[in-house]
Amino acid sequence: MSRPKIRLHVEHPLSQGQTVDLSREQANYLFAVMRLGEGDEVALFNGHDGEWRAVVTECGRRGGTLEIAEQTAPQQDPPDLWLLFAPIKKTRTDFIVEKAAELGAARIIPVQTEHTNAERIRRDRLQAHAIEAAEQCGGTFVPGVEELHRLSDVLDNWPEDRRLVFADEALVGAKRALAEAPQATKWAILTGPEGGFSEAERTRLLSLPFVTPISLGPRILRADTAAVAALALWQAERGDWR
Ligand code: SAM
């Protein structure tokens, strides 16, 4: 079954025959930017009901309506994988969130570490980047982006059934691979800021029973590169790329 090329995330339950009213921004995107008109098709998804073919029934400058025809793809959730990353400069943080959504993170948690430069993040803006990435990559799932949390607080409240893969730059060049990690169904990845982790943070992380330290190869990667590399490595070894 062919899937409409233009995809739109909506906060709306999706089922056959449903009418979906468009916001002004959504109408502008579909009708002004993408030049759609009545009778044209859009693929809708809301993050949990799969993807549905919808037909434009009304189009205007301030809004419009779509009528849902049929499901074109089932809901496909990613593995239970969180990404914890230390925010860096704004555009590169945007990049990390966008790539995490494409690479199948189920939850994205910005963490404040001792050497993190960013004091705060714009959660709503980052969430919009995650939605846009899902629209573009054909996914039906959208990871939630959390507010900025202190790493120490996150570790204090760590769920005991979840493993944490710690990208430890001190292991640069070592052969500490993910393969050594125990089996688990719930996972998380942690990457640090441009300034790396402090000695105190490393000592604490390495002492935690749920942590698996890994190397990301013989070169020091930039923080955004490291997040992407760690996600790709995990998906290939333990995730939905196998
Ligand atoms: N300032 C640190 C230094 O010079 O050692 C580098 C930090 S690096 C720019 C940012 C983060 O990427 C690190 O905290 C780590 O999580 C990850 N990273 C980068 N290269 C890595 C490697 N070869 N092995 C493991 N983690 C790495």
Side-chain angles (χ1 to χ4, degrees), residues 79-121 126 129-130 133 143 145-159 162-182 184 186-239 241:
D80 189 349
L81 171 67
W82 298 351
L83 173 68
L84 282 68
F85 75 97
I88 44 182
K89 291 181 194 59
K90 194 166 65 67
T91 48
R92 303 182 83 90
T93 294
D94 295 350
F95 173 86
I96 291 176
V97 168
E98 193 178 271
K99 299 313 146 198
E102 291 174 63
L103 288 166
R107 194 174 175 213
I108 300 170
I109 309 175
V111 288
Q112 180 94 36
T113 67
E114 286 181 42
H115 297 327
T116 300
N117 302 327
E119 294 299 313
R120 59 189 186 78
I121 56 151
L126 294 177
H129 278 290
V145 181
E146 308 283 330
E147 288 296 351
L148 185 62
H149 289 70
R150 285 154 49 93
L151 176 61
S152 51
D153 295 345
V154 174
L155 296 177
D156 289 346
N157 301 289
W158 194 259
R162 188 173 293 272
R163 298 281 322 160
L164 175 59
V165 176
F166 162 40
D168 180 358
E169 67 268 18
L171 292 177
V172 60
K175 295 276 181 266
R176 291 295 293 280
L178 182 55
E180 297 160 23
K186 298 181 177 191
W187 288 86
I189 289 169
L190 169 65
T191 56
E194 292 303 353
F197 288 99
S198 70
E199 259 326 293
E201 284 168 338
R202 272 197 84 241
T203 306
R204 178 177 186 193
L205 283 159
L206 295 175
S207 72
L208 296 170
F210 55 78
V211 168
T212 298
I214 63 163
S215 165
L216 292 177
R219 288 165 290 278
I220 289 289
L221 309 177
R222 295 198 64 154
D224 44 353
T225 314
V228 173
L231 283 163
L233 178 68
W234 188 90
Q235 286 292 16
E237 290 259 338
R238 300 291 177 106
W241 288 8

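Atoms within each ligand, like the ligands themselves, are counted from 1 in listed order. Hydrogens, waters and symmetry mates play no part in the numbers below; they use all other heavy atoms, side chains included.
For atom 20 (N) of ligand 1, the closest non-hydrogen atom on the protein side is Leu221 N, 2.9 Å. Atom 11 (C) of ligand 1 has Gly192 O, 3.5 Å as its closest protein atom, hydrogens excluded (heavy atom only). Nearest protein neighbour of atom 24 (N) of ligand 1, counting heavy atoms only, is Leu216 N, 2.8 Å. Counting protein heavy atoms only, atom 23 (N) of ligand 1 is closest to Arg219 O, 2.8 Å. Looking at atom 3 (C) of ligand 1, its nearest protein heavy atom turns out to be Glu169 CG, 4.3 Å.
No side-chain heavy atom of Ile96 sits less than 4.5 Å from a side-chain heavy atom of Ile108. The side-chain heavy atoms of His115 and Glu194, taken from C-beta on, include no pair separated by under 4.5 Å.
Ionic pairing of Lys99 and Asp94 is not present here: no N-O contact between side-chain nitrogen and carboxylate oxygen is shorter than 4.0 angstrom. Look at Arg107 and Asp80 and you find no salt bridge, because none of the NZ, NE, NH1 or NH2 atoms lies under 4.0 Å from a carboxylate O.
Contact atoms of ligand 1 toward Thr191: 16 (O) (distance under 4.0 Å to a heavy atom of the residue). Close approach of ligand 1 to Val172 is summarised as follows: ligand atoms under 4.0 Å from at least one heavy atom of the residue are 23 (N). Near Phe197, meaning under 4.0 Å from one of its heavy atoms, ligand 1 places the atoms 14 (O), 16 (O).
Heavy atoms of Pro193 come nearer than 4.0 angstrom to ligand 1 in at least one pair. Using a 4.0 Å cutoff on heavy atoms, Ile220 counts as a contact of ligand 1.
On a distance-only criterion, Ala226 and ligand 1 share no N/O pair closer than 3.5 Å. Polar contact check, Leu190 against ligand 1: no nitrogen or oxygen pair lies under 3.5 Å apart. Taking any N or O of Ala167, backbone or side chain, at least one lies under 3.5 Å from an N or O belonging to ligand 1. Considering backbone and side-chain atoms together, Glu194 places an N or O closer than 3.5 Å to an N or O of ligand 1.
We find the OG1-CZ distance between Thr225 and Arg92 to be 6.5 Å, quoted to the nearest 0.5 Å.
The aromatic rings of Trp82 and Trp158 sit perpendicular to each other, their planes meeting at more than 60°, with 30° as the lower class boundary.
Contact annotation: for Asp168 versus ligand 1, heavy atoms closer than 4.0 Å belong to the backbone alone. Using a 4.0 Å cut-off between heavy atoms, Ile214 contacts ligand 1 through its backbone alone, with no side-chain atom that close.
No donor-acceptor pair closer than 3.5 Å links the side chain of Thr116 to the backbone N or O of Pro87.
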